[in-house]
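The structure appears right after this line, and notes come after that.
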There are 4 protein chains.
Amino acid sequence: MEKNRLEAFSDGVIAIIITIMVLELKVPHGSDFASLEPLLPVFLSYVLSFIYVGIYWNNHHHMLQTVQHVKGSILWANLHLLFWLSLFPFVSGWMGENHFAAMPSALYGLVLLMAAIAYSILQRTIIASQGENSLLAKVVGRDVKGKLSSLLYIAGIATAFFSPTLSGLIYAAVACIWFVPDSRIERLIGQNS
Amino acid sequence: MEKNRLEAFSDGVIAIIITIMVLELKVPHGSDFASLEPLLPVFLSYVLSFIYVGIYWNNHHHMLQTVQHVKGSILWANLHLLFWLSLFPFVSGWMGENHFAAMPSALYGLVLLMAAIAYSILQRTIIASQGENSLLAKVVGRDVKGKLSSLLYIAGIATAFFSPTLSGLIYAAVACIWFVPDSRIERLIGQNS
Amino acid sequence: MEKNRLEAFSDGVIAIIITIMVLELKVPHGSDFASLEPLLPVFLSYVLSFIYVGIYWNNHHHMLQTVQHVKGSILWANLHLLFWLSLFPFVSGWMGENHFAAMPSALYGLVLLMAAIAYSILQRTIIASQGENSLLAKVVGRDVKGKLSSLLYIAGIATAFFSPTLSGLIYAAVACIWFVPDSRIERLIGQNS
Amino acid sequence: MEKNRLEAFSDGVIAIIITIMVLELKVPHGSDFASLEPLLPVFLSYVLSFIYVGIYWNNHHHMLQTVQHVKGSILWANLHLLFWLSLFPFVSGWMGENHFAAMPSALYGLVLLMAAIAYSILQRTIIASQGENSLLAKVVGRDVKGKLSSLLYIAGIATAFFSPTLSGLIYAAVACIWFVPDSRIERLIGQNS
């Protein structure tokens, strides 16, 4: 029951984040096609961020399936992750409105990196609470995907200052890597239950 | 339990979308009746969109009742539907503020169409996961209502460029078709359980 | 389970309405006490609306406890109620920003009245679905409180045009009548179970 | 089940409050690092408020675990707490935008104080409903932490008028005191069940 409330609260926050981001798509004053044009980069940025938040919700959902007892440390590690996710609407809007300029693209990558680190901390906190035979530990393994993503985010941040387009492509590439939900957990849960 | 979280997250996002749309009704500065007048088309647009989102929630609710096991593909098909629904506040506000002008009315229809396609993809994904004796497949049948709606949306988009009023009436007509919740599912579930 | 989702969705929408209203309290630019002063009527209006939404949530909560099977008609009667509640942030903000002027106070009352009518429609829809021995029908009885409120709202709307202050006091008085949650339901449920 | 809905509604409101606060971080028009600078105090204020709302969610979560039967008085005491929490985005934004000026810092402290009082009222309402052998009463004891916090908030409000920085540090210090979730409840529940 405790776990349900953690999931419900996280679902609430993530649902609001994903929906609030659309408010950055400000309704234009003109009514012709041309008035939509300046919104295109904001829209692209929204799509990318929507996919990222969707990925986080998806993986969060799978990760919590392995949790049985919720400790205080898990609550705080979870809030820490939600904090970084809550900055997505801000950095997404800033990147979009400035047509993927250098500084906003770098900050977007920084928030992606911080969210990835927060996710990894939450993962380790859950594993620590599960003890030696942790189901999640088996699933995560050496967490190659997680470490690779962090490296790519850093590459994206560095790249932003000379080619923001390349930087955006790197962020999109990482999203593609994660798009496939963590089917390893589904499989392992199937085996263990 | 997995399914509960999918429902909870979808409910959260849909609840926020339906409520955020009202923010397009910006509080006017004057305090007389005249200052409300320019808000009338925004209000009408809000009513139409509220009904549409209500219909989607209603049918989504019925459709998920037939689901027993949630796969990764269903999660993503669901997020895809939520993405198009999340654009309702934007297109609804744009259409309302421009007093149902041509371009905004066409874009409104386009988002309606994309949401309908996304709903149909989710439907097919669920049916595929249920296998041959799919309860949902029986209910949906040849999905005449769904296909008719898509055709009418396309008609609405085309009509928008010479008569946005007619276009708006077409969108309202489709809403009327769907207003009756999918009682076929209620009946079939009653029979099968 | 069906009912859970109806409750969850309603809770979501009501939670967002109650929280979105606070956005009408716009952060002032000055940093002294004087810059807060123009916000006082907005704050008062917020408090009144918060209490009203709280009352609706409370009574909605009690009413749904008597429901066992959710029909399509209940879903739509519920959405109809949520529609009028969703207009609270708008009318509350308009009334506050115009320092309880005549027209906004009257519109506030009109939305209160429409929400009361919607609530009563939902009540009758649930009673109709429960049949002759409806638990809710026993609780509601002749619904004196509901009818009295509607009369007072109409009085408040009429009064708004010559004394908005009196109008505001009437709305506050109705809130006081309802402040006590519907303990009749609690008692009856206690007896019947 | 009644309790679930109280938790779900509170989770919804708290989730929205925590996420709406980020809207005070308005996307700047420039795209260089300098345009982020004026946002730094708003960001700091956001971090502090996020932690506070997180603490309230955490402790609310633990407190409600001890509740078995929800009475009308608990519903209203809970709404009263949510009311003061709903003012966090406003006071947090005002304090941040005015770079921790005197008056906004004092008001921030006042809202913290009112929320603390509301929390304590909710606590006493729950204890009263649980009777003599109240589990929560054992956990709370003389509530030294609660009383100390209120004193520190008052100190923070007074301090704001001659040193807002010190005032901010006091608020941060109280947050640190509460950061550790109420492990006493976890332990006692473990013992009693």
Side-chain angles (χ1 to χ4, degrees), chain B residues 1 3-37 39 42-43 46-62 64-65 178-187 189-190, chain C residues 1-21 23-24 26 42 45 69-107 110-111 160-161 164:
Chain B
M1 199 182 64
K3 184 178 135 187
N4 283 0
R5 206 175 162 188
L6 178 66
E7 289 184 335
F9 182 71
S10 308
D11 280 351
V13 172
I14 298 176
I16 299 161
I17 289 169
I18 218 170
T19 327
I20 263 182
M21 286 192 310
V22 89
L23 294 179
E24 293 302 329
L25 267 179
K26 304 237 168 68
V27 172
H29 288 295
S31 69
D32 51 352
F33 191 76
S35 53
L36 279 184
E37 261 193 300
L39 286 176
V42 185
F43 181 72
Y46 173 60
V47 172
L48 182 62
S49 303
F50 189 97
I51 292 172
Y52 262 111
V53 177
I55 288 166
Y56 270 105
W57 180 72
N58 240 336
N59 290 329
H60 188 264
H61 169 98
H62 280 96
L64 281 187
Q65 276 186 280
W178 284 99
F179 192 72
V180 183
D182 227 322
S183 58
R184 292 170 301 175
I185 294 190
E186 280 188 49
R187 238 177 299 133
I189 285 179
Chain C
M1 200 181 64
E2 255 196 89
K3 185 178 134 187
N4 284 0
R5 208 178 160 186
L6 178 66
E7 289 185 333
F9 182 71
S10 308
D11 280 351
V13 172
I14 297 175
I16 299 160
I17 290 169
I18 219 170
T19 328
I20 263 183
M21 285 192 310
L23 293 178
E24 293 302 329
K26 305 234 168 69
V42 185
S45 173
H69 186 68
V70 178
K71 284 188 180 172
S73 55
I74 293 179
L75 291 183
W76 279 107
N78 191 58
L79 271 170
H80 179 234
L81 172 61
L82 294 179
F83 174 77
W84 291 108
L85 294 182
S86 81
L87 295 178
F88 272 48
F90 175 77
V91 290
S92 174
W94 200 38
M95 183 168 76
E97 278 183 32
N98 288 290
H99 299 213
F100 295 81
M103 193 60 207
S105 297
L107 193 73
L110 185 65
V111 169
F161 294 102

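For the numbers below, each heavy atom of this structure counts, side chains included, while hydrogens, waters and symmetry mates do not. Here is the naming used below: chain letters follow the sequence lines, and residue numbers restart at 1 for every chain.
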| query | With only heavy atoms counted, which part of B:Leu39 is less than 4.5 Å from chain C, the side chain, the backbone, both or neither? | reply | side chain
| query | Which heavy-atom pair separates B:Ser31 from C:Pro104 by the least distance, and what is that distance? | reply | O-CD, 3.4 Å
| request: Taking heavy atoms only and a threshold strictly under 4.5 Å, list by residue number the residues of residues 89-96 of chain C that touch chain B; give 'none' if the list is empty. | output: C:Phe90, C:Gly93, C:Trp94
| said: With a 4.5 angstrom heavy-atom cut-off, is it the side chain or the backbone of C:Leu107 that approaches chain B, or both, or neither? | reply: side chain
| request: Take C:Leu75 and B:His61 through the test side chain to side chain contact (heavy atoms under 4.5 Å, CB included) and record every step on the way to the result. | output: CA-CA 10 Å; C:Leu75 291 183; B:His61 169 98; 4.2 Å; yes
| message | Does any backbone or side-chain atom of B:Leu23 lie under 4.5 Å from a heavy atom of chain C? Answer side chain, backbone, both or neither. | response | side chain
| query | Quick one: what part of C:Leu79 sits under 4.5 Å from any heavy atom of chain B, side chain, backbone, both or neither? | reply | both
| query | Pick from C:Ile20, C:Leu85, C:Ile14: which one has the most heavy-atom pairs with chain B under 4.5 Å? | reply | C:Ile20
| Just how far is it from atom CG of B:Asp11 to atom OG of C:Ser10, taken to the nearest 0.5 Å? | 9.0 Å
| task | Taking all non-hydrogen atoms of both residues into account, name the closest pair between C:Glu97 and B:Val27 and its distance. | result | OE1-CG1, 3.9 Å
| field | Heavy-atom closest pair, residues B:Asn58 and C:Trp76 | value | ND2-NE1, 2.8 Å
| With under 30° as parallel and over 60° as perpendicular, where do the rings of B:Phe50 and C:Phe83 fit, or are they tilted in between? | perpendicular
| task | Give, as side chain, backbone, both or neither, the part of B:Leu64 having an atom under 4.5 angstrom from any heavy atom of chain C. | result | side chain
| query | In Å, rounded to the nearest 0.5 Å, how long is the span from CH2 of B:Trp57 to CG of C:Asn78? | reply | 7.0 Å
| note | Comparing B:Leu36, B:Ile18, B:Ile16, B:Val22 against chain C, the one with the most heavy-atom pairs below 4.5 Å turns out to be B:Leu36
| Gap separating the CG atom of C:Leu82 from the OG1 atom of B:Thr19, nearest 0.5 angstrom | 8.5 Å
| Is it true that atom CZ of B:Phe33 has more than 12 heavy atoms of other residues, nucleotides or ligands lying nearer than 6.0 Å? | no
